[in-house]
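Residue numbers start from 1 in every chain, and the chains themselves are labelled A, B, ... in the order their sequence lines are given, proteins ahead of strands.
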Amino acid sequence: MRPTVYIADIAQHEGQEITLHGWLYARRSSGKLHFLQVRDGTGTIQCVVFKGNVTPEAFHEADHLPQESSLAVTGLVKKDARSPIGFELDVRSLAVVARPAREYPLGHKDHGVAFLMEQRHLWLRSQRQQAILRVRHTVEKAIRDFFDQRGFTLVDAPIFTPSACEGTSTLFEVPYFDLGKAYLTQSGQLYMEAAAMALGKVYCFGPSFRAEKSKTRRHLTEFWMVEPEVAFMDLDGDMELMEQLVEYVVQTALEAHRRELVSVLERDVSKLEAVRAPFPRITYTEAVEVIQRTGHPMKWGDDIGGDEETLVARQYDRPVMVHRYPSDLKAFYFKRDPADAKVALGCDVLAPEGYGEIIGGGQREDDLATLEAAIARHDLPAEAFEWYLDVRRYGSVPHAGFGMGVERCVAWICGLHHVRETIPFPRMMERITP
RNA sequence: UCCCCAGUAGCUCAGUUGGCAGAGCAGGUGACUGUUAAUCACCGGGUCGCAUGUUCGAGUCAUGCCUGGGGAGCCA
């Protein structure tokens with residue numbers, strides 16, 4: 001068996017008798033007419049069953065099919081101005097592939113978030129979730145295309161990692177044969193630094209795991225991240241790469257899904273049209289001044305939290321790049337600014353409309369002695385970083401990179417309240433099923 | 001880890017001062033040739049999250065627990 005015609009291609013079959021395969025989304029009746037809304041993953045079409053066109057048994061069955069019955073519907077494709085897609089199917093025969101074993105849990109009215117999350121495997125069938133997953137698909141493809149077109153090589157980073165790089169509290173621990181404990185990766189960055197010394201321009205694209213007990217709309221315990229790393233690139237080059245990537249991803253998603261963004265997700269796409277490089281760039285020090293001017297209490301050296309991010313991002317109609325954070329706030333591998341040792345050559349990209357940090361990255365420390373001192377100062381186990389120090393021992397060069405979170409990008413592009421809708425099966429602190 | 005909110009029918013919710021457990025949707029049976037969350041009539045549907053307590057009497061009040069949601073910190 002194979003599907004004969006998809007709803008998306010229905011216009012090519014006007015006047016023909018065809019067979020559609022799909023699921024019954026909704027049903028209405030008006031005496032001698034039954035209206036079946038059938039979806040097949042490419043679209044939804046109204047199938048009209050007229051009493052005079054089918055057998056009495058088929059007519060009766062058409063009015064008693066439960067929601068999400070799977071069907072093969074044969075009929076005539078007719079143009080109809082009343083249809084949202086311009087066409088209807090005038091049904092001649094109807095075959096039931098499978099009747100639901102019990103009543104479908106999801107109706108067409110309101111449901112609470114908790115219930116929908118429990119029914120996530122079925123919730124995916126809704127128009128809204130389909131639209132979001134299609135945007136996610138396009139975002140992931142755009143990310144791959146962006147780097148591939150620029151001569152980057154995709155290098156897969158390991159998922160199991162041997163030791164805690166930045167404290168075990170945020171790592172998931174798994175038993176690993178006779179070697180003791182392993183941890184699920186938080187980032188492929190250190191491996192990309194090694195790979196960049198082999199291939200020049202590299203990126204990894206995979207899941208990342210954080211055992212942080214975070215219960216916010218911006219957090220998942222398992223999320224997807226793309227991490228490019230480039231040899232012979234400094235912070236300025238890194239920031240250019242960041243803004244070009246964000247512009248490309250947003251504009252590609254907008255071009256491919258404008259209709260769904262507007263009609264299904266009710267997104268104000270003018271906010272996305274504005275996302276054009278160059279993005280505004282401000283230093284951390286300038287950001288602190290902006291925050292202080294709004295009356296929000298904050299002093300130099302404090303981290304920029306969620307509220308502060310929103311205060312800064314609100315000043316602009318496009319993502320803002322905040323660079324040169326205090327070194328003390330950043331990880332050991334950030335290079336310090338030669339012009340001001342108090343700050344690190346790092347940069348975060350904050351999305352507008354309160355969506356927060358979508359990118360974090362910067363230039364890495366390339367001097368062996370300085371990096372060894374940083375590892376000691378952070379009380380990290382030196383043995384675990386021997387291989388990483390080798391990257392500096394043999395032909396060290398200035399290099400930079402960053403990580404961009406897929407879910408936060410998709411949530412921003414789709415205008416969603418919570419990142420959990422951007423991933424097919426979200427993993428959160430209090431939820432691991434379905 | 002901390003703060004706030006919620007839990008009543010399959011779902012979304014109402015439930016007055018503590019006094020017989022309710023509605024809409026969904027489901028079932030019918031009516032209707034153009035419905036778009038169709039409409040109309042009738043029918044079935046309950047461990048009021050769990051436990052203890054107060055009371056003649058608890059969905060309602062108190063205490064504890066469980067589950068979920070929102071937020072903070074941390075981060076992408």
### Message
Roughly how many Å apart are B/G64 and B/G24, using the P atom of each and rounding to a whole number?
### Response
39 Å
### Message
Using the C1' atom as the point on both nucleotides, what is the distance between B/A9 and B/G15, in whole Å?
### Response
14 Å
### Task
Identify the nucleotide, in any strand shown, that forms a Watson-Crick or G-U wobble pair with B/U1, with both distances under 3.5 Å; if there is none, say none.
B/A72
### Query
Which of the following nucleotides, B/A26, B/G69, B/A76, is nearest to the side chain of A/Glu357?
B/A76
### Message
I want to confirm an ordering. Mapping A/Met428 and A/Ile359 to their closest nucleotides on RNA chain B, which one lands closer to the 5' end?
### Response
A/Met428
### Message
By the 4.0 Å heavy-atom rule, please label A/Asp348 as base, sugar-phosphate, or nothing.
### Response
nothing
### B/U16 and B/G59, which share atom name P, separated by this distance in whole Å
12 Å
### Task
Tell me whether the guanidinium CZ or amine NZ of A/Arg150 lies under 6.0 angstrom from the six-membered ring centre of A/Phe146 and within 45° of its axis.
yes
#### Entry: Residue mapping more 5' on RNA chain B - nearest nucleotide basis, A/Gly405 or A/His418
A/His418
### A/Ser70 side-chain N/O to A/Ala98 backbone N/O, donor-acceptor pair under 3.5 Å
yes
### Query
Is there a Watson-Crick or G-U wobble partner for B/U33 with both distances under 3.5 Å, and which nucleotide is it?
none
### Task
With C1' as the reference atom in both, quote the distance from B/G45 to B/U8 in angstrom, rounded to an integer.
14 Å
### Task
Report the nucleotide, chosen from B/G68, B/U29, B/C75, that has the shortest atom-to-atom distance to any side-chain atom of A/Arg210.
B/C75
### Task
Look at all strands and tell whether A/Phe223 reaches a base, only sugar-phosphate, or nothing, counting heavy atoms closer than 4.0 Å.
base
### Task
Just name whichever nucleotide pairs with B/A6, Watson-Crick or G-U, keeping both distances under 3.5 Å, else none.
B/U67
### Task
Give me the one residue out of A/Thr285, A/Thr283, A/Asp348 that meets side-chain hydrogen bond (donor to acceptor under 3.5 Å, both in side chains) with A/Tyr325.
A/Asp348
### Message
Taking donor-acceptor contacts at under 3.5 Å, does the side chain of A/His111 reach the base of B/C11?
### Response
no
### Ion pair A/Glu17/A/Arg92, N-O distance below 4.0 Å
no
### Task
For nucleotides B/A6 and B/U60, find the distance between their C1' atoms and express it as a whole number of Å.
16 Å
### Task
Remember a base hit wins even if backbone is also touched, and classify A/Gly112 as base, sugar-phosphate or nothing at under 4.0 Å, heavy atoms.
sugar-phosphate
### Task
Once you apply the 3.5 Å cut-off to both distances, tell me the Watson-Crick or G-U wobble partner of B/G57, or none.
none
### Task
Look through every strand shown and name the nucleotide pairing with B/U12 as Watson-Crick or G-U wobble, where both distances are under 3.5 Å.
B/A23
### Query
When you check every protein heavy atom under 4.0 Å of nucleotides 32-38 of chain B, what one-letter string (B, S, -) results, 5' to 3'?
BBBBBBB
### Query
Will you find, in the side chains of A/Gln46 and A/Arg82, an N or O donor that is under 3.5 Å from an N or O acceptor?
no
### Query
Which whole number of Å gives the distance between the P atom of B/U29 and that of B/C65?
48 Å
### Query
With A/Phe59, which residues qualify under ring-ring contact (aromatic ring centres under 6.0 Å, His included), at least two apart?
A/His34
### Query
What interatomic distance, in whole Å, is found between C1' of B/C42 and the corresponding atom of B/C56?
40 Å
### Query
With sugar-phosphate meaning primed atoms plus P, OP1 and OP2, does A/Glu227 contact a base, only sugar-phosphate, or nothing at under 4.0 Å between heavy atoms?
nothing
### Query
Counting side-chain heavy atoms from CB outward, which of B/C75, B/G68, B/G70 is closest to A/Arg431?
B/G68
### Message
Distance check, C1' atoms only: B/C4 and B/U36, in whole angstrom units.
### Response
41 Å
### Task
Please state whether the rings of A/Phe147 and A/Phe402 are parallel, tilted or perpendicular, taking 30° and 60° as the class boundaries.
tilted
### Query
Step by step, would you call A/Asp340 with A/Lys342 a salt bridge (charged side-chain N to carboxylate O under 4.0 Å, His left out)?
CA-CA 5 Å; A/Asp340 179 1; A/Lys342 291 196 304 298; 3.5 Å; yes
### Task
Just call it for A/Leu220: base, sugar-phosphate, or nothing, with non-hydrogen atoms closer than 4.0 Å on any strand.
base
### Query
Can you list the steps and then say if A/Phe35 with A/Arg27 is a side-chain contact (heavy atoms from CB on, under 4.5 Å)?
CA-CA 6 Å; A/Phe35 301 98; A/Arg27 171 167 57 74; over 6 Å; no
